[in-house]
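Just so you know, ligand 1 is whichever comes first in the structure, and atom 1 is the first atom listed for that ligand.
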Amino acid sequence: MSPRRGGRRRGGVTAGPTRERIDPVRYLSNDSSGTMGCAIAEAAAARGDDVTLIAGPVSLPTPKGVRRVDIESARELQAALREAFRECDALFMAAAVCDFRPRRRFRGKWRKKEAGQERASLELVSNPDILSSVTRRKGDRLVVGFAVETGDGLRRAMNKLEKKRMDYVVLNGPSALNASKTSVTILGKDGSQRRLTDRTKRAVAKVLVGLSAPHEAR
Ligand code: C5P
């Protein structure tokens, strides 16, 4: 890592969904609005961080003082993040990355006659796990990821925290997607748990940008 620019913490934030193209007019995506990621970018810039926001297709304005890189697919996000990660001291990975993408992208429109009349199937392949790929060289960066879970979310989020080498994972339910308020549990790799109930995403963002890397649990 190169030294901090003017002593400011350099923050990388990802936001919004990814879009995985089927053909020139269709895609797979999800309901993420990018609100959480943009709120984090805004809160980080407000505390004086030098912020790069990598945003999927979202219709939100770029927060003041934030550098923005627009991406569409998970693979584009990965390429942009690889570059930003090298230069950052803290990463907030709020993007809702599509787990799968179509194996092939039709050059022209996917037509009914090619697909069959009543049924059609689309072959999907896994997208890379972007967070895990960059945290292989985590160093002493602060890494905060998210987990949207149903059912036994706590256990799954803890597993992701460890597997993806995060310092903190922010656990929330699917109702958080595309909503202005949310309830979250912030789990730290030191075993800490902090619950924030029915807060605006801006309020949650303020807490997140104030986190510092915890010590490993013994
Ligand atoms: O989707 P999942 O619950 O595994 O996401 C957990 C974290 O990993 C999130 O911070 C998300 O942005 C990230 N992720 C990723 N690459 C994927 C899927 C998720 O970086 N392919």
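- Closest to atom 3 (O) of ligand 1 among all protein heavy atoms lies K160 NZ, 2.4 Å.
- Under a 4.0 Å N-O distance rule, the pair K160/E149 qualifies as a salt bridge.
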Exercise. Between Y168 and L208, does a side chain to side chain contact (heavy atoms under 4.5 Å, CB included) hold up when you go through it step by step?
Worked result: CA-CA 9 Å; Y168 295 94; L208 297 180; over 6 Å; no

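- Scanning the protein for heavy atoms near atom 1 (O) of ligand 1, the closest one is D99 OD1, 4.2 Å.
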For this session: Might you work through the side chain to side chain contact (heavy atoms under 4.5 Å, CB included) test for L142 and D89, ending with a clear yes or no?
Result: CA-CA 6 Å; L142 170 72; D89 308 300; over 6 Å; no

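- Among protein heavy atoms, the minimum distance from atom 5 (O) of ligand 1 is reached at F146 O, 3.6 Å.
- Contact check on D23 versus K109 returns no salt bridge, with no Lys/Arg side-chain nitrogen under 4.0 Å from an Asp/Glu carboxylate oxygen.
- S29 and E20 form no side-chain donor-acceptor contact under 3.5 Å, judged by distance and modelled atom types alone.
- Backbone and side-chain nitrogen or oxygen atoms of I130 are examined, and one is located within less than 3.5 angstrom of a nitrogen or oxygen of ligand 1.
- Taking every heavy atom of M93 and a limit of under 4.0 angstrom, the matching atoms of ligand 1 come to 9 (C), 10 (O), 12 (O), 20 (O).
- Residues satisfying the side-chain contact (heavy atoms from CB on, under 4.5 Å) test with E72, not counting sequence neighbours, are R19, R21, E76.
- For ligand 1, the polar-atom distance check against P128 finds a nitrogen or oxygen pair separated by under 3.5 Å.
- Within the cation-pi definition used here (under 6.0 Å to the ring centroid, within 45° of the axis), R141 qualifies as a partner of F85.
- Considering backbone and side-chain atoms alike, A95 places an N or O below 3.5 Å from some N or O of ligand 1.
- In this structure, CG on D70 lies 7.0 Å from OG1 on T62, to the nearest 0.5 angstrom.
- Considering backbone and side-chain N/O atoms, G145 never comes within less than 3.5 Å of an N/O atom of ligand 1.
- Residue L131 has at least one nitrogen or oxygen atom sitting less than 3.5 Å from a nitrogen or oxygen atom of ligand 1, judged on distance alone.
- Residue K164 has at least one nitrogen or oxygen atom sitting less than 3.5 Å from a nitrogen or oxygen atom of ligand 1, judged on distance alone.
- Residue E149 has no nitrogen or oxygen atom sitting less than 3.5 Å from a nitrogen or oxygen atom of ligand 1, judged on distance alone.
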